K.L.:
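The structure under discussion is supplied below as structure tokens; questions concerning it will follow.
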Number of protein chains: 2
Amino acid sequence: MPKKTFENLSDEKKKRIFDAAVQEFSNRRFSEASINQIIKTAEISRGSFYQYFHNKEDIYLYMITEISKSKMDVMGRTEEQNPEADFFEIYIKMFQEGLQWSRSNPDYYRVGLLMELDDSRFIHKLQAMAAEGLKSLSNLIERDKRRGLIKPEVDSQLVVEMLYTLNMNLLMKDFMSGLEENMEKRFINMVEIIRGGIARDKS
Amino acid sequence: MPKKTFENLSDEKKKRIFDAAVQEFSNRRFSEASINQIIKTAEISRGSFYQYFHNKEDIYLYMITEISKSKMDVMGRTEEQNPEADFFEIYIKMFQEGLQWSRSNPDYYRVGLLMELDDSRFIHKLQAMAAEGLKSLSNLIERDKRRGLIKPEVDSQLVVEMLYTLNMNLLMKDFMSGLEENMEKRFINMVEIIRGGIARDKS
DNA sequence: TTGTCATGTGACAATCTTGTCATTTTCTTG
DNA sequence: CAAGAAAATGACAAGATTGTCACATGACAA
């Protein structure tokens with residue numbers, strides 16, 4: 001949590017600092033990011049920084065929170081929109097919306113990917129928290145089991161992990177290389193393979 | 001390539017340095033690993049180090065090469081052993097052998113995983129080279145297509161990537177958390193899902 | 001105008017890092 | 001044994017990093 005002194009700042013200055021943080025954390029992993037760079041970009045003094053934030057973790061958390069807010073505004077309502085859609089329809093839709101969001105907020109998106117790459121204690125805690133969010137997905141799979149769409153013996157948690165892993169890997173490659181041409185096609189391809197692997201045999 | 005002065009060293013000293021490098025690179029990513037730590041562990045002076053190697057990349061490459069040799073001695077013959085086995089049988093066998101190798105050489109194994117996590121230019125080049133090795137796997141899939149075991153429209157390259165990604169993710173988790181109880185079971189579970197997704201419908 | 005108080009500042013200490021180089025030590029060979 | 005070659009050494013330069021702290025500044029109220 002930023003200190004009270006930070007809250008007191010003008011919106012303009014707060015934004016300047018936030019943007020500087022995004023700039024840094026979207027180019028270097030948390031453990032490699034430098035406060036020096038942030039204060040240089042934000043044009044504040046070293047002393048000020050420590051008057052606003054306790055340390056690097058503090059500003060990172062602040063930034064992540066802000067970004068999450070922004071993402072929540074755009075996404076997170078896919079599930080409610082089509083209550084009748086099956087798991088894979090919803091999942092693909094979510095992917096596409098995520099893609100759209102990442103295209104309009106490339107920096108925020110890069111922050112997220114770099115977070116995935118980090119291996120500091122601190123970041124691992126955050127990742128664990130994020131993983132909680134995946135539970136709702138496995139609930140969807142369970143529902144489709146009851147509907148008779150998915151084999152009952154399938155480990156839904158495992159499937160969610162698989163999809164998440166493959167998804168992340170795909171985004172990561174895109175992020176690193178910049179080529180994303182048939183990314184969506186590849187994504188759907190992968191999802192279809194898994195769907196085929198867990199779908200209940202038609203009979 | 002290490003300098004000639006390094007080659008001239010006694011086997012004992014070479015091993016001492018190699019072991020020190022393994023110790024460091026199995027605990028920190030390439031970009032974070034410190035030469036200081038290596039020379040301290042190996043008990044050589046700073047000057048000596050630079051008389052043996054050009055820089056950090058140099059010793060890393062040397063170490064990776066040695067590790068690869070050691071792994072090649074143990075693995076890499078799975079495919080030839082059962083020329084009649086189908087792709088998934090071979091793949092699972094490979095995984096199991098790899099697991100065994102990693103258990104008898106945990107440090108080498110950690111080096112490999114940390115390499116996967118790094119994002120420096122240098123390491124990316126190495127990763128690209130390693131990826132070449134995956135081609136032989138997609139050949140196996142192609143063969144199984146011809147055998148009528150796998151749907152002809154499947155993108156074999158994509159399947160290999162999926163398996164590789166999932167595999168890595170599994171190993172990584174194990175690496176981080178230390179719990180590996182039902183790892184093999186989970187692995188087979190995942191592989192079976194993909195197999196089900198690309199297998200030709202029985203008819 | 002003056003006193004108070006929140007805020008801004010950058011020099012500083014304390015740690016790191018890599019790569020170099022003049023010097024010393026050890027080895028080898030005539 | 002003695003001279004010349006090869007190897008080992010660690011101090012050093014030059015560059016980072018984070019967090020602290022004594023002080024400067026400026027706003028606001030009495």
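Just so it is clear: chains get the letters A, B, ... in the order the sequence lines come, proteins before strands, and each one is counted from 1. What you are looking at is a predicted structure, and each value in this text was computed from that prediction instead of being measured.
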K.L.:
Return the nearest nucleotide to the side chain of B:Asn55; candidates are C:dT7, C:dG19, C:dG8.
P.N.:
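Nearest listed nucleotide: C:dG19.
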K.L.:
Nearest to the side chain of B:Arg46, heavy atoms from C-beta on, is which of D:dA11, D:dT17, C:dT17?
P.N.:
D:dA11
K.L.:
Give none if D:dA16 has no partner; otherwise give the nucleotide forming a Watson-Crick or G-U wobble pair with it, both distances under 3.5 Å.
P.N.:
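Its partner is C:dT15 (Watson-Crick or G-U wobble, both distances under 3.5 Å).
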K.L.:
Across the strands shown, which category fits A:Phe49 at heavy-atom distances under 4.0 angstrom: base, sugar-phosphate, nothing?
P.N.:
nothing
K.L.:
Output yes when A:Lys40 and A:Glu43 qualify as a salt bridge under the 4.0 Å nitrogen-oxygen rule, no when they do not.
P.N.:
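No, A:Lys40 and A:Glu43 are not salt-bridged.
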K.L.:
Students often get this wrong, so: under 4.0 angstrom with heavy atoms, is A:Asn8 touching a base, only sugar-phosphate, or nothing?
P.N.:
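The answer is sugar-phosphate, as A:Asn8 gets under 4.0 Å only of primed atoms, P, OP1 or OP2.
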K.L.:
Could you tell me whether the side chain of A:Asn182 and the main chain of A:Lys185 form a donor-acceptor pair under 3.5 Å?
P.N.:
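No; judged by distance alone, with no hydrogens or angles, the pair does not exist.
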K.L.:
May I ask you to decide if A:Met115's main-chain N or O and A:Gln127's side chain share a donor-acceptor pair within less than 3.5 Å?
P.N.:
yes
K.L.:
Establish, with yes or no, whether the OP1 or OP2 oxygen of D:dA8 is under 4.0 angstrom from a side-chain nitrogen or oxygen of B:Lys13.
P.N.:
yes
K.L.:
From the set C:dT18, D:dA8, C:dT9, return the single nucleotide nearest to any side-chain atom of A:Gln51.
P.N.:
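Looking only at heavy atoms from C-beta outward on A:Gln51, the closest nucleotide is C:dT9.
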K.L.:
By ring-ring contact (aromatic ring centres under 6.0 Å, His included), which residues pair with B:Phe87, not counting sequence neighbours?
P.N.:
B:Tyr91
K.L.:
Would you classify A:Ser48 as touching base, sugar-phosphate or nothing, given that sugar-phosphate means primed atoms plus P, OP1 and OP2, and contacts are heavy atoms under 4.0 Å?
P.N.:
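If one applies the 4.0 Å heavy-atom cut-off, A:Ser48 turns out to touch a base.
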K.L.:
Which nucleotide wins on minimum distance to the side chain of B:Ser45, given the candidates C:dG8, D:dG19, D:dA8?
P.N.:
D:dA8
K.L.:
Nearest of C:dT7, D:dA8, C:dT17 to any side-chain atom of A:Thr5?
P.N.:
C:dT7
K.L.:
Side-chain N or O of A:Lys56 less than 4.0 angstrom from OP1 or OP2 on D:dT17?
P.N.:
no
K.L.:
Where the side chain of A:Tyr50 is concerned, which of D:dG19, D:dG10, C:dT7 is the nearest nucleotide?
P.N.:
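Ranking D:dG19, D:dG10, C:dT7 by closest atom to the A:Tyr50 side chain puts D:dG19 first.
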